[in-house]
Amino acid sequence: MMPNVDNRGWPPPPQRAALIFQHLGQLYPDARCSLDWRNPFQLLVATMLSAQCTDQRVNQVTPALFDRFPDAASFAAAEPEQVEPYVRPTGFYRNKARHIVSTSRLLLERHQGRVPKSMEALLECPGVARKTANVVLATAYGLNAGVTVDTHVRRLSNRLGLVAATDPARIEVELMALLPQADWDLLSIRLIFHGRAVCKARRPACGCCHLADLCPSHRPEPMDTRPQRVSPLTRI
DNA sequence: ATCCCGAGGG
DNA sequence: CCCTCTGGAT
C-alpha cells in the first residue's frame, strides 16, 4: 500500500508540524501580534482594519482614529461617514467604517461597550469572523479558541504540506488537530512572520529558508539567466 | 463566486 | 501594468 503523499522519509504530520513549529520558534523568538493597541476594544478595531492590508498601515491610521474615537461609545455615537476618512488608507474603508460603527453599537447594547471573551459572542459582531475573533481572544485575553487562518497561514500551511484543505475553515480544523492547544496562537504568529520575511506570496525566498529540509514545496532559487555585465576591470 | 478598496512592490 | 496585504458579507 503506497502512501498518497510524498513522505521523503519525513516523520508523520503531527511530528513534522511540531518540528516546523520548533524551528520557527528559533527563527522568530520574539514574534508577537504586530498591531498596536491599548485595550481589547482597540485591538478588535485594529484587527477589523487589517483585512487585506498590512498591519504596518493599520498602525499608521490607528493613533488619529483612537484619538478621535477612543472607545465603543464614541464610535456608536458616530455615523460611518465620519469614520471613513480615518480608515480610508486601509482599503475597503466604507465596509470597515460601517462594520466598526455597527459592532460598537452592538457591544454597547449587549456587552456594556466591552469586548466579549467568547467566540460565539464575537461572531455576532458585524465584520467579525473567526480570523478576527481568534486574534482578539488570543492576543487580548490569552484564550486559544482556535488557529488564526489568514492569507499567510493559509499559504504556508499549503506549501509546507501541513494541511490538505484550501479553505480557511477546514485549514483551521486541521491545524488544531496537529498541535496542542497551547501552541495555536504562536503557530499562527510564527507562520505569519515567516510568510512576511521568507515564504512570500509572490517570490518565496526558498534559497534562504531554514525550513527547506521540511518543505515539500521547496525549490532552488531560479537561476539568473539574464546576460551578465562584465566589469571592464576584469578584462585583460 | 463576487464584491469591497487603498497603497506599495516588482 | 499586475500582484499582494493578519477578510468578511452577499
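Since the structure is predicted, the reported quantities are computational estimates derived from the model, not experimental observations. Each chain gets a letter, A, B and so on, in the order its sequence line appears, and its residues count up from 1.
- The backbone N or O of A/Val147 sits less than 3.5 Å from a side-chain atom of A/Glu172, completing a donor-acceptor pair.
- Other residues, nucleotides and ligands contribute at most 12 non-hydrogen atoms within 6.0 Å of the CD atom of A/Gln56.
- Within the cation-pi definition used here (under 6.0 Å to the ring centroid, within 45° of the axis), A/Arg190 qualifies as a partner of A/Phe21.
- Between C/dC5 and B/dC5, the distance separating the two C1' atoms is 12 Å to the nearest Å.
- The closest side-chain donor-acceptor pair between A/Arg114 and A/His111, if any, does not fall under 3.5 angstrom.
- Residue A/Arg88 is classed as a sugar-phosphate contact, given heavy-atom separations below 4.0 Å to backbone atoms only.
- At a non-hydrogen distance threshold of 4.0 Å, A/Gln52, A/Arg57 from residues 46-71 of chain A come into contact with DNA chain B.
- Heavy-atom contacts of chain A under 4.0 Å fall on DNA chain B between two terminal nucleotides, which in 5' to 3' order are B/dC4 to B/dG9.
- A salt bridge does not link A/Glu84 to A/Arg94: none of the charged nitrogens lies less than 4.0 Å from a carboxylate oxygen.
- Note on ring orientation: taking the six-membered ring where Trp is involved, the planes of A/Phe75 and A/Phe69 are parallel (angle under 30°, cut-offs 30° and 60°).
- No side-chain heavy atom of A/Pro204 sits under 4.5 Å from any side-chain heavy atom of A/Val198.
- Within residues 170-182 of chain A, no residue approaches DNA chain B, by heavy-atom distance under 4.0 Å.
- The footprint of chain A on DNA chain C, defined by a heavy-atom cutoff below 4.0 Å, extends from C/dC2 to C/dA9.
- Paired with A/Arg154 under the rule side chain to side chain contact (heavy atoms under 4.5 Å, CB included), one option of A/Val163, A/Thr166, A/Ile171 passes, and it is A/Ile171.
- Residue-to-nucleotide proximity on DNA chain C shows that, of A/Leu35 and A/Gly127, the 5′-proximal contact is made by A/Leu35.
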Could you go through residues 45-53 of chain A and list every donor-acceptor pair under 3.5 Å that involves a side-chain atom there, pairing it with any protein atom two or more places apart or in another chain?
| from | atom 1 | to | atom 2 | distance (Å) |
| --- | --- | --- | --- | --- |
| A/Thr47 | OG1 | A/Leu43 | O | 2.7 |
| A/Ser50 | OG | A/Thr47 | O | 2.7 |
| A/Ser50 | OG | A/Lys131 | NZ | 3.3 |

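- Residues from residues 186-201 of chain A with heavy atoms under 4.0 angstrom of DNA chain C, sorted by number: A/Ile192, A/Arg196, A/Ala201.
- Within the 3.5 Å criterion, the main-chain N or O of A/Asp213 finds a donor-acceptor partner in the side chain of A/Trp10.
- Separating the C1' atom of C/dT6 from that of B/dG10 is a span of 22 Å, rounded to the nearest Å.
- Scanning for side-chain hydrogen bond (donor to acceptor under 3.5 Å, both in side chains) contacts around A/Arg98 gives A/Asn95, with sequence neighbours left out.
- Residues forming a side chain to side chain contact (heavy atoms under 4.5 Å, CB included) with A/Lys117 (at least two apart in sequence, or on another chain): A/Tyr141, A/Leu143.
- Two different hydrophobic clusters hold A/Val58 and A/Ile189 under the rule that ILVMFWY side chains link at heavy-atom gaps under 4.5 Å.
- In terms of the side-chain hydrogen bond (donor to acceptor under 3.5 Å, both in side chains) criterion, residue partners of A/Asp55 (sequence neighbours excluded) are, by chain and number, A/Ser34, A/Arg196.
- No option in A/Leu162, A/Thr148, A/Leu175 other than A/Leu175 meets the side chain to side chain contact (heavy atoms under 4.5 Å, CB included) test with A/Val153.
- Clustering ILVMFWY residues whenever any of their side-chain heavy atoms sit less than 4.5 angstrom apart, transitively, puts A/Val149 in the very cluster that holds A/Leu186.
- Near DNA chain B, meaning a heavy atom under 4.0 Å away, there are no residues from residues 131-150 of chain A.
- If you check the side chains of A/Gln42 and A/Asp71, you find no donor sitting under 3.5 Å from an acceptor.
- Under the side chain to side chain donor-acceptor pair (under 3.5 Å) criterion, the residue pairs touching residues 20-32 of chain A are A/Tyr28-A/His194, with sequence neighbours excluded.
- Using a distance-only test at 3.5 Å, with no hydrogens or angles considered, no donor-acceptor pair links the side chain of A/Thr62 to the main chain of A/Leu65.
- Formation of a donor-acceptor pair under 3.5 Å by the A/Asn158 side chain with backbone atoms of A/Ala165 is found in this model.
- The stretch residues 93-109 of chain A touches DNA chain B through A/Tyr93, A/Arg94, A/Asn95, each having a heavy atom under 4.0 angstrom from the strand.
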